[in-house]
Amino acid sequence: MAMPIIKPVLGDDEIQAVADVLKSGWVTQGPRVAEFEKQFASFTGAGFAVAVSNCTAALHLALKAVGVRADDEVITVSHSYIATANSIRYCNAIPVFVDIDPLTFNLDPNLVENAISDRTRAILCVHQMGMPCDLTQIKRIADERSLPLIEDAACAVGSEILLGTDWEMIGKPCGDIACFSFHPRKLLTTGDGGMLTTDNKEHDIKFRLWRQHSMSISDTIRHDSKDVRFESYPELGYNYRMTDIQAAVGIAQLRRIPGIIKKRRDQVHRYRELLEAIPGLILPYEPEWARSNWQSFCVRLPGDCNQAHVMQYMLDAGISTRRGIMCAHREPAYKLEPWRCRSGQMQCDTEPSRCDALRQSERAQEEAIILPLYYEMSDQDIETVAATLKEACTISTD
Ligand SMILES: *Cc1c(COP(=O)(O)O)cnc(C)c1O
């Protein structure tokens, strides 16, 4: 089997935690979910944390909470996992894609102003691959234009950002709401799972209702009640629950996060030392106000290097890689779904999978590759990847 891109860190603690839940007889949203939420809120420094079934569900609820409705516009990046754009479409709203800063692979704050129109209802920024986006600038624009700000923090558990004079954990809301993913491709996994964090009590109440069909009395309250009680459903809700089985794993995983991130930072340091030797290779850039959790280690290949050839060479040598982050606007789904790259301009009239306004996003997808980075990865493994990449770059020039 090829060396993986990432590998979840799961062990006896998680196994024991799941066994305990199964023995308890309470398996879906219940005491473990409540405990996981409490610990996650305290870890991030957020006032409230609400667990849901995945980050896509979290994004959907976040957009709904800030009032995004049909035909509204939401400013975001195309250069993200497709869930980011999809969550906007779940509200029947229109994603307005802004290009990225080629250095950080994150939304370029300088392009936001120009994308705002009368129909803009929110900004959905992404901390791509765990690297915090420029929240200071984006928040300033959001405040000036009275727009809610939602953070897609799917990849960013444990990443930190300097806001003013304080280092804050991503998820201590700078915007209105942050959304996390616990998919196994991220650093903390519950199999699947998601979390919303906010300082807004109203949002917290809504999230708790909506994730459970807007049922007026929760299972826990009904279970403990001495009197017969009938629930009602005052508005449309969803089944976005997390199970107690997942939450129990999440609690054990959260304890590991500081150690996992420390290890990743050391591994990235080693990668940098070794990869500096490859001419033209661009190593990831970390602004002085950001501390990434390095959910992905993404390098940009030298200009004359063929991405597919490099990836094939690596795979033949037993090393998995992934190409740069996808661009939603280039996917067939977004030939069917509406989107804009500038306010007022629907789709792009140029070539189907090219958009002049999103060139940096497209180039990042075409020129970057993600290298293996996982907890058990040894120094020897890192050396092997670096040496193989060097060979691949030498051989795979166009
Ligand atoms: C993984 C990911 C998501 C989706 O998370 P799920 O938990 O799988 O729904 C959303 N946005 C970004 C940026 C992601 O990387």
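We number each residue from 1, following the sequence as shown. Counting starts at 1 for both ligands and their atoms, following the listed order.
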E235 vs Y233, side-chain hydrogen bond (donor to acceptor under 3.5 Å, both in side chains): CA-CA, chis, key distance, verdict: CA-CA 6 Å; E235 61 176 312; Y233 300 83; over 6 Å; no
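- Heavy-atom distances between C155 and ligand 1 reach below 4.0 Å in at least one pair.
- The residue R185 has no part lying near ligand 1, judged by heavy-atom distances below 4.0 Å.
- Those atoms of ligand 1 that come under 4.0 Å of a heavy atom in N54, given as number and element, are 7 (O), 9 (O).
- When heavy-atom distances to ligand 1 are checked against a 4.0 Å cut-off, T84 comes that close only through its side chain, counted from C-beta outward.
- Heavy-atom distances between Q295 and ligand 1 stay at or above 4.0 Å for every pair.
- Between D152 and ligand 1, at least one N/O pair is under 3.5 Å apart.
- The six-membered or imidazole ring of Y240 lies away from that of F207, with a centre-to-centre distance of 6.0 Å or more.
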Criterion side-chain hydrogen bond (donor to acceptor under 3.5 Å, both in side chains) on Q29 and R211, from CA distance to verdict: CA-CA 10 Å; Q29 185 180 285; R211 72 175 170 183; 3.1 Å; yes
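- In terms of N/O distances under 3.5 Å, ligand 1 is not approached by H183.
- For a threshold of 3.5 Å applied to N or O pairs, the pair formed by S80 and ligand 1 contains no separation below that value.
- For the ligand labelled ligand 1, residue G193 lies inside the 4.0 Å heavy-atom shell.
- Residue C55 has at least one nitrogen or oxygen atom sitting less than 3.5 Å from a nitrogen or oxygen atom of ligand 1, judged on distance alone.
- For residues 89-98, every residue pair satisfying the salt bridge (charged side-chain N to carboxylate O under 4.0 Å, His left out) rule, not counting sequence neighbours, is listed here: R89-E337.
- Using a 4.5 Å heavy-atom cutoff, the side chains of T76 and V96 are not in contact.
- The six-membered or imidazole ring of H60 lies near that of Y238, with a centre-to-centre distance under 6.0 Å.
- Salt bridge annotation for E286-R291: absent, with no cationic side-chain nitrogen under 4.0 angstrom from a carboxylate oxygen.
- Within the structure, the ring-ring contact (aromatic ring centres under 6.0 Å, His included) test picks out the following pairs touching residues 250-285 (sequence neighbours left out): Y271-F297.
- Below 3.5 Å of separation, one finds an N or O of S181 facing an N or O of ligand 1.
- Counting only heavy atoms of the protein, atom 9 (O) of ligand 1 lies nearest to T56 OG1, 2.4 Å.
- Below 30°, between 30° and 60°, or above 60°: for F97 and Y334 the angle between ring planes is above 60°, a perpendicular geometry.
- When each atom of ligand 1 is checked for a heavy atom of V126 under 4.0 Å away, the hits are 13 (C).
- For atom 14 (C) of ligand 1, the closest non-hydrogen atom on the protein side is K186 NZ, 3.0 Å.
- Salt-bridge annotation for R270 and D266: absent, with no side-chain N of the basic residue lying under 4.0 Å from a carboxylate O of the acidic one.
- Counting only heavy atoms of the protein, atom 3 (C) of ligand 1 lies nearest to A154 CB, 3.7 Å.
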